[in-house]
2 protein chains.
Amino acid sequence: MASQTKAMQKKISVVDSDETQKTVPLLADTAGFATNEDGTCPIREVLDRVGDTWSLLVILNLQQGTVRFNALRRLIEGISQRMLTVTLRSLERDGLVLRIVRPTSPPEVEYSLTPLGMSLAKPIDGLGQWAVDNRHMMREERARFDAQQ
Amino acid sequence: MASQTKAMQKKISVVDSDETQKTVPLLADTAGFATNEDGTCPIREVLDRVGDTWSLLVILNLQQGTVRFNALRRLIEGISQRMLTVTLRSLERDGLVLRIVRPTSPPEVEYSLTPLGMSLAKPIDGLGQWAVDNRHMMREERARFDAQQ
DNA sequence: CAGAATCCGCACAGATACTG
DNA sequence: CAGTATCTGTGCGGATTCTG
């Protein structure tokens, strides 16, 4: 996911000259967290961190408990060794994943969710549940759209 | 967001030779929607569609009701004309956004969420709420991580 | 076993110009 | 106003090789 552009950091001015102002009130009043004072957007701030290809899948799979590196690699079919490393390091950096190294030979490295990571897993589960419930409908809609144009 | 690789379409085999099998049971048993029969992943399926830079922000801003193209463009500071068009078309294709063209001059095009889109807005709000509640902690954790290494 | 390092392709997204 | 069309660059992520 792309990082924020400089333009996104600017303050926004929603005051409109025409009647759209009436039907489109200030964003913060309705959405609540689509934007905030300093011009950043909490949703984007989170998605810039866990919205990449693999982060959510890693978090989801760590919900089961503690998993070692290669076990995790097998769980998440299709992830490369490099991307698992990069993703885990990023999640660890944000305090979402705990990394424990056991200095044995061969080395054992265990990964698990921190309390913060566990709390994030909940809203992610909400998305996942929506996905399960509605993916068929999305496929149908898409097929219809593609058919008629 | 990258599309799924061929490897991700394969069936997974979680049966392990060592003791990790005990601590890492079958994914479907615990996560429920991290993977499914045909090898696809509902979460990834949804994220591949709305996980890009702008889709969630568009959905969030359309929660307020019906918004015209340029009004939406002003609401989502930093989005280019092209990306708003592309994003809206993609959401419309998936049945999440409704596009209504009023054949006046100059043309008026209104965008709103479909029922499907509104239902998706709920779990997204869950993520947004988490973002508001925890972004400061994430920043602190990140600062700590960067400081000590 | 759990990685680090390097190389590289390509898709995503920005900028710009033009139009019904 | 609400788009299209084209060109371009950047960074994400895959593949491969090497190590403690």
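Reminder, nothing fancy here: chain letters follow the sequence lines and each chain counts from 1.
- Scanning all heavy atoms of the two residues, the minimum distance from A/I43 to B/L127 falls at CD1-C, 4.4 Å.
- Salt bridge annotation for A/R102-A/E110: present, with a cationic side-chain nitrogen under 4.0 angstrom from a carboxylate oxygen.
- In this entry the distance linking CG of A/L88 with P of C/dC1 reads 16 Å, nearest Å.
- Under 4.0 angstrom from either OP1 or OP2 of D/dC1 there lies no side-chain N or O belonging to B/Y111.
- Computed from coordinates, the A/M83 CE to D/dT16 P distance equals 17 Å when rounded to whole Å.
- Within the structure, a side-chain polar atom (N or O) of A/R68 is placed less than 4.0 Å from OP1 or OP2 of C/dA2.
- The interatomic distance linking B/R49 (CZ) with C/dA11 (P) rounds to 17 Å, in whole Å.
- Surrounding CZ of B/R144 are at most 12 heavy atoms belonging to other residues, nucleotides or ligands under 6.0 Å away.
- If you take CD1 of B/I79 and P of D/dG3, they are 12 Å apart, rounded to a whole angstrom.
- Rounded to whole Å, the distance from CD on A/E108 to C1' on D/dG20 is 16 Å.
- No continuous path of hydrophobic side-chain contacts links B/V86 to B/W54 [ILVMFWY only; heavy atoms under 4.5 Å].
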* Protein proximity profile, nucleotides 15-20 of chain C - base contact B, sugar-phosphate-only contact S, no contact -, cut-off 4.0 Å on heavy atoms -> B-B--B
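- Atom CZ in A/R73 sits about 16 Å away from atom P in D/dG13, given to the nearest Å.
- Residues B/L98 make up the rest of the hydrophobic cluster containing B/I100, defined by ILVMFWY side-chain heavy atoms closer than 4.5 Å, directly or through other members.
- Of the listed nucleotides (D/dG3, C/dG3, D/dG13), C/dG3 has the atom at the smallest distance from the side chain of A/T85.
- When distances are taken from the side chain of A/D52 to each of D/dG13, C/dA13, D/dA2, the shortest belongs to D/dG13.
- Within the 3.5 Å criterion, the main-chain N or O of A/G51 finds no donor-acceptor partner in the side chain of A/S55.
- Between the side chains of A/D125 and A/Q63, at least one donor-acceptor pair of N or O atoms lies under 3.5 Å.
- Near DNA chain C, meaning a heavy atom under 4.0 Å away, the residues from residues 89-105 of chain A are A/R89, A/R99.
- One interatomic measurement links the two molecules: CD of B/E110 to C1' of D/dA2, which rounds to 13 Å at whole-angstrom precision.
- B/L91 and B/V50 get closest at one heavy-atom pair: CD2-CG1, 4.1 Å.
- Nearest nucleotide to the side chain of A/T53, out of C/dG14, D/dG13, C/dA4: D/dG13.
- As rounded to whole Å, 15 Å separates atom C1' of C/dA13 from atom CD1 of B/I76.
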* Asked: Please walk me through it: do A/Q129 and A/D133 pass side chain to side chain donor-acceptor pair (under 3.5 Å)?
  -> CA-CA 6 Å; A/Q129 194 53 55; A/D133 296 340; 3.2 Å; yes
